[in-house]
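Worksheet: the structure to be examined is printed underneath.
Chain naming here is simple, since letters A, B, ... match the order of the sequence lines and numbering starts at 1 in each.
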Protein chains: 2
Amino acid sequence: MALHDRIRTEIEGQILSGTLQPGDKVPSELELMAHYGCSRMTVSKALTALSGAGLLQRRKRAGTVVAPRPTETMVLDVPDLAVEIARRGQAYRFQLIGRDIRPPRPEDELDEGLARAGLLLFVRGVHSADDEPIAYEERFISLTAVPEITEADFSVESPGSWLLRHIPWTEAENRIGAVGAHPDWAARLNIAPGTACLSIERKTWRGDERITLVRQKFVAGSFELVARFGAA
Amino acid sequence: MALHDRIRTEIEGQILSGTLQPGDKVPSELELMAHYGCSRMTVSKALTALSGAGLLQRRKRAGTVVAPRPTETMVLDVPDLAVEIARRGQAYRFQLIGRDIRPPRPEDELDEGLARAGLLLFVRGVHSADDEPIAYEERFISLTAVPEITEADFSVESPGSWLLRHIPWTEAENRIGAVGAHPDWAARLNIAPGTACLSIERKTWRGDERITLVRQKFVAGSFELVARFGAA
DNA sequence: CAGTGGTCTAGACCACTGA
DNA sequence: CAGTGGTCTAGACCACTGA
């Protein structure tokens with residue numbers, strides 16, 4: 001283990017164990033140099049890493065203190081559905097229901113970014129695993145941002161997988177909730193209207209440019225999101 | 001902007017724009033030193049940061065290459081419910097339904113870590129906003145890990161807020177899905193059995209020690225999780 | 001204005017590993 | 001075995017900012 005890793009780990013341990021409380025002052029770089037008998041670059045590397053992880057706050061002249069509270073942010077796995085289903089050992093299929101090129105409409109309830117994007121590709125379809133439908137999807141794609149998608153064949157590949165391969169997003173926002181199945185698409189999933197479904201709405205960007213908005217409804221029990229935080 | 005930041009940003013830009021494709025070789029540290037006219041520590045700082053962010057993979061002798069695909073991990077905000085509701089300007093309340101100290105039972109469907117933890121505090125209750133119930137919660141807390149929680153007053157503060165204040169977790173795992181309301185608790189939420197609910201199961205650890213398992217059911221529409229990725 | 005962190009240099013030795 | 005990254009040193013100059 002490198003020395004800078006050892007320094008980082010020891011200070012991290014004192015924070016997690018509560019020996020160092022939020023607001024407590026951490027020794028200055030000079031003091032840590034003396035304590036560990038190393039150069040300033042080495043302690044700086046450890047402290048910079050802890051600061052980047054949100055455990056420390058550093059201010060010139062004032063020194064380094066333990067950050068108020070570890071931010072409760074988590075890592076959420078949002079896998080490509082096709083990949084995830086294949087990983088379960090099931091046969092993935094995307095069944096296209098409809099595909100239109102048209103301007104945005106008020107009832108689409110789009111965000112500003114897409115509503116102003118000009119022509120959209122509107123795609124609807126069903127994701128299935130071993131021929132069992134598990135999710136209904138409605139997707140809007142900005143043709144300004146992705147003109148070449150008009151050539152894509154969605155009987156071979158889902159729109160999501162196609163986009164991931166051709167123009168991976170750099171920013172995304174997901175909204176996750178629950179919803180009773182709507183009559184318009186309940187039949188597509190072989191469920192009764194009102195049945196509980198997991199609802200995911202995802203917006204993606206590439207830099208400043210809006211790419212796509214997708215709304216997916218998963219049959220309850222068919223799909224779970226997992227979010228982990230920490231060393232695991 | 002520091003030089004190492006500029007180097008990092010330029011390489012990052014080439015990856016995000018597609019100029020550098022996954023698998024492509026990035027110039028070696030020596031080449032970058034010559035290109036930017038700086039020392040090796042400076043280019044190393046930039047490359048180490050990009051490697052830590054998952055955009056580059058570095059191997060000795062083989063050099064540095066663009067990573068296969070930016071990992072699709074997202075930052076998920078999992079706020080304290082009390083804080084979140086207060087932020088909306090609503091009055092938060094936790095109504096305790098039951099509180100027992102007992103050993104684990106098979107029907108609890110606990111994970112190994114808690115099932116072996118010895119005595120548990122089992123708490124049930126309802127979270128409400130402006131006296132409207134929005135979530136039902138069942139929680140198991142390891143008394144081995146948190147003996148002092150027997151003194152807590154859950155008419156003042158929810159078990160979740162109490163735990164956050166007293167022994168914040170260091171690791172957590174969330175499972176997020178949808179479920180139809182069960183007759184046992186549907187009435188607590190003033191909804192009909194079978195109504196769609198968002199289901200969150202969260203396990204937390206403090207270091208190696210299992211702390212709590214909580215299962216929450218949110219009335220559809222009352223609560224959304226938001227996950228963001230990228231610069232936003 | 002003195003202490004702190006932010007950044008950078010010009011070296012060094014080493015471990016790894018693929019040509 | 002030669003090129004690469006991983007780590008570290010002993011300095012340096014600077015910007016910031018709170019005592």
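S142(B) and R210(B) form no side-chain donor-acceptor contact under 3.5 Å, judged by distance and modelled atom types alone.
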> Which string of ( ) [ ] | and . matches DNA chain C, if you list each base 5' to 3' and count Watson-Crick or G-U pairs only when both distances are under 3.5 Å?
Replying inline: ||||||||||||||||||.
>> Between L47(A) and E29(A), is the side chain to side chain contact (heavy atoms under 4.5 Å, CB included) condition met? List the steps.
In response: CA-CA 8 Å; L47(A) 295 178; E29(A) 295 192 343; 3.8 Å; yes
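When side chains are defined from C-beta on, L163(A) counts as touching R139(A), because their heavy atoms get closer than 4.5 Å. Put simply, the side chain of F140(B) does not reach to within 4.5 Å of the side chain of V214(B), judged on heavy atoms.
Every residue was checked against the salt bridge (Lys or Arg N to Asp or Glu O under 4.0 Å) condition with R61(B), not counting sequence neighbours, and none meets it.
Here the shortest heavy-atom pairing between L198(B) and L198(A) reads CD1-CD1, 3.8 Å.
Taking 4.0 Å as the cut-off between side-chain N and carboxylate O, R175(A) and E173(A) count as a salt-bridged pair.
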> When you check every protein heavy atom under 4.0 Å of nucleotides 4-11 of chain C, what one-letter string (B, S, -) results, 5' to 3'?
Replying inline: BBBBBBB-
